4 protein chains.
Amino acid sequence: MGESIALSVPANPKQARSKKTKEKIVQAAIQLFRQRGYEKTTSNDIASEAGVSVGSFYVYFTDKRQLLLTIFDRLADELYKNIFDGLKPEHLFDSNLRRRIKQAVANTIIDKQKHSGLHRVVSELLLKDADFAARHKAVMVRSIAKLQELISLADKAGLTWNIDVEAAAFIVQRVVFDVSQDYVTGCCEFDKERAIEALADMIYRFVFKPRD
Amino acid sequence: MGESIALSVPANPKQARSKKTKEKIVQAAIQLFRQRGYEKTTSNDIASEAGVSVGSFYVYFTDKRQLLLTIFDRLADELYKNIFDGLKPEHLFDSNLRRRIKQAVANTIIDKQKHSGLHRVVSELLLKDADFAARHKAVMVRSIAKLQELISLADKAGLTWNIDVEAAAFIVQRVVFDVSQDYVTGCCEFDKERAIEALADMIYRFVFKPRD
Amino acid sequence: MGESIALSVPANPKQARSKKTKEKIVQAAIQLFRQRGYEKTTSNDIASEAGVSVGSFYVYFTDKRQLLLTIFDRLADELYKNIFDGLKPEHLFDSNLRRRIKQAVANTIIDKQKHSGLHRVVSELLLKDADFAARHKAVMVRSIAKLQELISLADKAGLTWNIDVEAAAFIVQRVVFDVSQDYVTGCCEFDKERAIEALADMIYRFVFKPRD
Amino acid sequence: MGESIALSVPANPKQARSKKTKEKIVQAAIQLFRQRGYEKTTSNDIASEAGVSVGSFYVYFTDKRQLLLTIFDRLADELYKNIFDGLKPEHLFDSNLRRRIKQAVANTIIDKQKHSGLHRVVSELLLKDADFAARHKAVMVRSIAKLQELISLADKAGLTWNIDVEAAAFIVQRVVFDVSQDYVTGCCEFDKERAIEALADMIYRFVFKPRD
DNA sequence: GATGAATGAGCGTTCATTCAT
DNA sequence: GATGAATGAACGCTCATTCAT
């Protein structure tokens with residue numbers, strides 16, 4: 001068809017080139033950040049790895065930090081969705097709630113690992129960069145609030161132990177995110193499948209009374 | 001006694017002065033690391049804060065990194081003791097096991113907070129420095145092994161659910177250390193007392209069957 | 001007439017377009033130089049302000065410097081005319097010679113102020129660029145020669161004190177150009193009208209004997 | 001004498017070395033600024049010319065600009081003194097007032113030439129750096145005020161023409177400083193002695209009525 | 001001719017480290 | 001041992017200029 005020909009000949013070939021270059025830089029950055037961390041990766045390194053000049057780097061990004069800040073927001077959104085899309089209020093009454101919890105835990109770990117290099121780098125900045133820390137905190141607070149909503153519902157439905165709902169939401173969120181992060185930092189190695197199982201068990205037994 | 005004489009009149013006054021200088025440097029480093037983090041603290045800053053010359057700094061330490069490595073080892077040992085000194089095999093059969101667990105959790109958080117600045121700094125390096133990462137991992141592995149020993153005992157005594165002992169040890173250790181670390185990085189703020197309570201509950205319910 | 005046809009239908013429309021593009025660049029350069037000075041105006045800025053590509057900039061000008069050099073020549077010619085068109089040998093015997101002098105002084109100051117931004121920029125380069133300095137010097141020398149011619153005539157006609165004609169020409173030229181430049185650089189602020197009056201008085205009393 | 005021995009063995013040889021290094025940098029800066037101007041002289045160039053490392057440059061000066069700012073203040077003070085130390089109110093009634101004026105003019109030119117390279121460089125910055133411009137303006141204003149004081153006195157004593165005292169002070173100051181600056185920028189070359197003579201004549205005839 | 005993405009030498013600056021005193 | 005002036009490699013970043021389209 002004529003249309004497919006039109007698609008294969010982009011309106012503006014220059015913009016396509018730009019996009020490609022930008023992507024080359026992003027990919028090079030991800031790779032180097034993964035290998036060396038944020039600080040030890042220089043903008044010259046990134047450009048060189050991407051096969052472009054330093055000048056090009058600064059055409060597309062104001063600096064190293066801004067590159068990462070942008071990526072961070074994307075990551076955070078994706079992660080949030082991956083976790084909570086499979087964890088709706090109605091699921092609380094499912095017979096397979098436990099499996100759902102396990103799935104949410106697994107999703108968190110899997111998602112973090114998928115972008116392992118970036119999560120490492122982000123956490124490197126979290127400790128030094130107030131902006132990163134603030135954004136990260138906001139994401140955590142949002143997740144905790146979401147969990148609290150769910151647990152609170154379960155609580156009202158008499159599904160849970162007599163617990164401190166706020167504290168439970170806080171702890172559960174921390175526990176899942178932190179262990180996921182551990183798999184990212186590589187600070188410990190334990191069979192992922194068994195760890196997920198244990199984590200899900202722990203959360204389930206902590207919050208919910210045994211059913212039937 | 002000869003010993004007390006030796007202590008009050010050091011055989012070598014120079015060595016005493018050395019030790020004092022070294023300690024001044026360490027203390028200055030701790031203070032500055034706490035305030036500014038590792039990267040933003042220069043060796044000149046440390047020397048200047050300690051009231052010694054940069055030259056002296058390099059007499060006692062090969063570099064900034066080695067100084068931190070030393071500090072790290074001290075920290076790790078102290079933390080390990082604080083946690084496990086109150087958690088012996090015999091405690092498993094105590095009626096107040098739960099309180100013991102809570103105490104161990106509290107100890108971890110308190111200890112980390114006591115040296116909050118340093119833990120931050122160490123975690124800054126963990127992500128970039130293989131040596132730090134390795135030492136840190138070793139400490140984690142050691143803690144996990146210790147926990148596994150305890151849980152295994154409990155398991156054999158029929159105190160626990162039918163659980164994956166290894167996975168449980170791993171998860172419990174991660175959970176406690178990570179949440180403690182969260183209080184260090186300031187990534188989230190929740191009333192410590194309630195968090196400790198929740199964490200202890202979670203661990204207890206996860207591992208142990210309800211008693212009578 | 002053929003001429004009017006030629007004007008309304010240019011032989012080569014491309015050349016007309018070229019000229020227009022070139023002029024757009026020149027105007028953009030003038031505006032930006034005025035606002036930011038020479039160094040702080042990049043060639044990318046100029047092209048962008050002119051609404052053309054950097055590439056086009058380099059089609060019409062070898063570089064930023066050459067652009068300014070062109071502008072400089074225009075400026076210098078215009079200034080020279082403004083001053084000396086009202087100062088002819090025959091005016092020396094006019095009864096209103098003093099008014100003529102005042103007018104020449106005023107013209108110099110007014111002309112410089114009209115292109116104030118550009119004169120600033122030119123003087124920025126004068127100190128660093130030998131070519132600019134040389135051209136500027138040539139203009140000065142030409143002005144001094146013109147003045148010397150006039151003063152020499154007056155001298156021969158017995159209108160002046162017994163003065164060093166060459167030195168007088170030199171000083172008078174410097175004085176007028178320099179004070180004009182002061183109003184350009186904004187290094188001092190004094191009511192222009194009174195300054196012009198004073199300057200004219202000074203020159204008149206210096207060179208000419210009182211008349212009648 | 002013991003004292004001379006003490007003097008030849010400075011209390012702190014390190015401070016002497018520092019001072020020497022700093023001076024080497026200043027001298028190198030002056031030389032290079034002279035040759036290439038401010039912008040074209042890099043801090044690396046200065047360090048290299050001074051035979052020290054870039055690091056040393058930044059030990060003694062926060063940056064290139066601060067180096068020049070410091071020097072500027074010194075220059076300005078010295079110049080002010082050189083001019084006005086020989087031009088006191090009482091001199092107005094001297095029979096050799098004209099010689100005094102000539103001397104002040106000569107001092108200005110000579111002083112500027114003595115530090116010719118620096119004055120060039122300062123004037124380079126005057127056009128781009130608000131701080132420099134402001135400081136320079138302040139010096140000019142101070143000089144004009146001083147001159148106005150003198151001319152005003154002469155005016156009250158009936159020594160002058162019926163002139164606009166403020167305008168006269170302004171113009172005289174500008175004229176002298178600007179012509180001096182011309183000798184610094186090298187924008188014109190005329191025998192200095194004759195130029196000074198002419199300038200002094202001009203000022204004298206402009207302000208003062210002929211004396212007997 | 002016109003475009004604008006790409007270039008890369010070179011800038012100002014920092015700081016871990018050395019070494020003459 | 002102690003000092004601190006000196007070092008210089010290496011960083012992040014700019015911008016005049018080129019050249020494939």
Side-chain angles (χ1 to χ4, degrees), chain A residues 12-22 24-25 39-48 50-65, chain B residues 14-15 17-18 21-22 39-48 51-65, chain C residues 14-15 17-18 21-22 39-48 51-65, chain D residues 12-22 24-25 39-48 50-65:
Chain A
N12 191 341
K14 285 188 181 174
Q15 282 181 15
R17 184 147 74 109
S18 280
K19 210 160 191 176
K20 217 170 162 184
T21 301
K22 195 168 180 178
K24 276 199 289 181
I25 294 170
E39 294 286 359
K40 286 189 182 168
T41 302
T42 73
S43 22
N44 282 280
D45 290 340
I46 296 171
S48 158
V52 302
S53 67
V54 223
S56 289
F57 180 94
Y58 286 96
V59 165
Y60 294 106
F61 303 97
T62 65
D63 55 22
K64 229 169 60 174
R65 203 174 148 273
Chain B
K14 283 187 186 176
Q15 281 181 13
R17 200 164 122 224
S18 281
T21 301
K22 195 169 179 176
E39 295 285 359
K40 286 187 180 169
T41 302
T42 72
S43 21
N44 281 278
D45 289 341
I46 297 171
S48 157
V52 302
S53 67
V54 228
S56 291
F57 179 95
Y58 283 93
V59 167
Y60 294 108
F61 302 97
T62 65
D63 55 23
K64 224 168 67 173
R65 203 175 142 273
Chain C
K14 284 187 183 175
Q15 280 180 15
R17 198 163 125 226
S18 279
T21 302
K22 195 169 180 177
E39 296 285 0
K40 286 186 181 170
T41 301
T42 72
S43 21
N44 282 279
D45 289 340
I46 296 172
S48 156
V52 302
S53 68
V54 227
S56 291
F57 179 93
Y58 283 93
V59 167
Y60 294 107
F61 302 96
T62 64
D63 56 22
K64 223 168 67 173
R65 204 175 142 272
Chain D
N12 192 341
K14 285 188 182 174
Q15 282 180 14
R17 182 146 75 111
S18 282
K19 211 160 190 174
K20 219 171 162 182
T21 300
K22 194 169 181 176
K24 276 197 289 181
I25 294 171
E39 295 286 358
K40 287 189 182 167
T41 302
T42 73
S43 23
N44 281 278
D45 289 341
I46 297 172
S48 159
V52 303
S53 67
V54 225
S56 289
F57 180 93
Y58 285 94
V59 166
Y60 294 106
F61 304 97
T62 64
D63 54 23
K64 231 169 58 173
R65 202 174 149 273

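From a predicted model like this one, the values you see are computed outputs, not experimental measurements. A, B, ... follow the sequence lines: proteins, then strands. Residue 1 opens every chain.
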Separation of atom [atom1] in [X] from atom [atom2] in [N], rounded to whole Å:
X       : N      : atom1 : atom2 : value
A:Lys20 : F:dT21 : NZ    : P     : 12 Å
D:Asn44 : F:dA9  : CG    : C1'   : 11 Å
D:Arg17 : F:dG4  : CZ    : C1'   : 8 Å

- Touch class at under 4.0 angstrom, heavy-atom based, for B:Asp63 against every strand present: sugar-phosphate
Check the phosphate of [N] against [X], side-chain N and O only, distance under 4.0 Å to OP1 or OP2. Yes or no?
X       : N      : answer
A:Ser53 : E:dG8  : no
C:Tyr60 : E:dA2  : yes
C:Thr42 : F:dC15 : no
B:Ser43 : E:dA16 : yes
D:Tyr58 : E:dT14 : no
B:Ser56 : F:dG1  : no

- Assess the side chains of A:Tyr58 and A:Ser43: does a donor N or O sit below 3.5 Å from an acceptor N or O? yes
- Compute whether any side-chain donor of one residue and acceptor of the other, for C:Asp45 and C:Ser48, lie under 3.5 angstrom apart. no
- Item | First of A:Glu39 and D:Val52 reached from the 5' end of DNA chain F, by closest nucleotide | D:Val52
- Message: Please compare A:Val59 and B:Gly51 by the position of their nearest nucleotide in DNA chain F and report the one closer to 5'.
- Response: B:Gly51
- From F:dA5, F:dC13, E:dA5, pick the nucleotide closest to the side chain of A:Thr21? E:dA5
- Message: Within this structure, what is the CG-OG distance for the pair B:Asn44 and B:Ser53, rounded to the nearest 0.5 Å?
- Response: 10.0 Å
- With a 3.5 angstrom cut-off on both distances, give the Watson-Crick or G-U wobble partner of E:dT21, or none if there isn't one. F:dA2
- Message: Treating A:Lys64 as the side-chain partner and A:Thr41 as the backbone partner, does any N or O pair qualify as donor plus acceptor under 3.5 Å?
- Response: yes
